[in-house]
Enquirer: 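Structure incoming, see below.
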Amino acid sequence: MLLPKQLPDSHPSKKAVGDFVAAFTGKYGPTAATVFGAHAYDVVLILEKAIPEAKKKAAPGTPEFREALRDAIEASKNVAATNGVYNFSPTDHYGLDARGAVMVQVKDGDWQIVK
C-alpha cells in the first residue's frame, strides 16, 4: 500500500493497491491514503466475494446467514487485495500468504522497495 507505483505490474496486489489509492486520494487528497484504510478496503474486497455466496444459503440478519458468511470467508481463495493475496480456511483466519511481502527501506526520506 505504501509503494503503489513501485510494485511491478506482475504483482498480484498491484491492481487492488492502485484502485484503493486512486479512490481514497481522489476523495480525501493526495496524502490521505493510509495503511489502516487499506486494511478496511481489503475487508470490503473479501466481503464482496463472500456475501453473495452466503446469501445463496440464508437470509441476511439470521444466525444461519452469519454461519454461511463465516463459511464463505473461510472458503475464500486467491482474493488479491492491498495487503496481499488472501486464502482463508477454518484454521487460518489471517489468510495472507508470502506473495504480499516486500522488503522496504527508507531512502531519501521515503519508502523504497529493496530489489
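Here the structure is a predicted model, which is why all the values come from computation and not from measurement.
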Enquirer: For residues 19-39, which residue pairs qualify under salt bridge (charged side-chain N to carboxylate O under 4.0 Å, His left out), counting only residues two or more places apart or in two chains?
Expert: Lys15-Asp19

Enquirer: Do Phe20 and Phe36 sit in one hydrophobic cluster, given that two such residues count as connected whenever their side-chain heavy atoms are within less than 4.5 Å of each other, even indirectly?
Expert: no

Enquirer: Where is the tightest heavy-atom contact between Asn87 and Asp92, given as atom of each residue plus distance?
Expert: O-OD2, 3.9 Å

Enquirer: Can you see which heavy atom on Pro12 is nearest to which on Ala80, and at what distance?
Expert: O-CB, 3.3 Å

Enquirer: Under the salt bridge (charged side-chain N to carboxylate O under 4.0 Å, His left out) definition, can you give me all pairs with a residue in residues 44-53, not counting sequence neighbours?
Expert: Glu53-Lys56

Enquirer: Among residues at least two apart in sequence or on other chains, which ones pass salt bridge (Lys or Arg N to Asp or Glu O under 4.0 Å) with Asp9?
Expert: Lys14

Enquirer: Could you work out, with ring-ring contact (aromatic ring centres under 6.0 Å, His included) as the rule, every residue matching Tyr28, not counting sequence neighbours?
Expert: Phe24

Enquirer: Can you measure from CD (Glu67) to OG1 (Thr62) and round to the nearest 0.5 angstrom?
Expert: 8.5 Å

Enquirer: When hydrophobic residues are tied together by side-chain contacts of less than 4.5 Å, even through go-betweens, does Val43 share a cluster with Val85?
Expert: no

Enquirer: State which residues pass salt bridge (Lys or Arg N to Asp or Glu O under 4.0 Å) with Glu64; sequence neighbours excluded, sorted by chain then number.
Expert: none

Enquirer: Is there a path of hydrophobic side-chain contacts, each under 4.5 Å between heavy atoms, that joins Trp111 and Val35?
Expert: yes

Enquirer: Nearest 0.5 Å, please: how far is CD1 in Ile113 from NZ in Lys107?
Expert: 13.0 Å

Enquirer: Side chains of Val102 and His11: closer than 4.5 Å at any heavy-atom pair?
Expert: yes

Enquirer: If you define the side chain from C-beta out and look only at heavy atoms, does anything of Leu3 sit under 4.5 Å from Val17?
Expert: no

Enquirer: Enumerate the residue pairs fulfilling side-chain hydrogen bond (donor to acceptor under 3.5 Å, both in side chains) with a member in residues 71-82, sequence neighbours excluded, ordered by first and then second residue.
Expert: Asp42-Thr82, Glu74-His93, Asn78-Arg99

Enquirer: If you compare all heavy atoms of Ile73 against all heavy atoms of Phe88, which two are closest, and at what distance to 0.1 Å?
Expert: O-CB, 3.2 Å

Enquirer: Shortest non-hydrogen contact from Phe65 to Ala54?
Expert: CE1-CB, 3.5 Å

Enquirer: Could you tell me whether a side-chain N or O of Thr34 sits under 3.5 Å from a main-chain N or O of Gly37, the two making a donor and an acceptor?
Expert: yes

Enquirer: Identify the two heavy atoms, one from Ala33 and one from Thr25, that lie closest to each other, and give their separation to 0.1 Å.
Expert: CB-CG2, 4.0 Å

Enquirer: Which heavy atom of Ala81 sits nearest a heavy atom of Tyr86, and at what distance?
Expert: CB-CE1, 3.6 Å

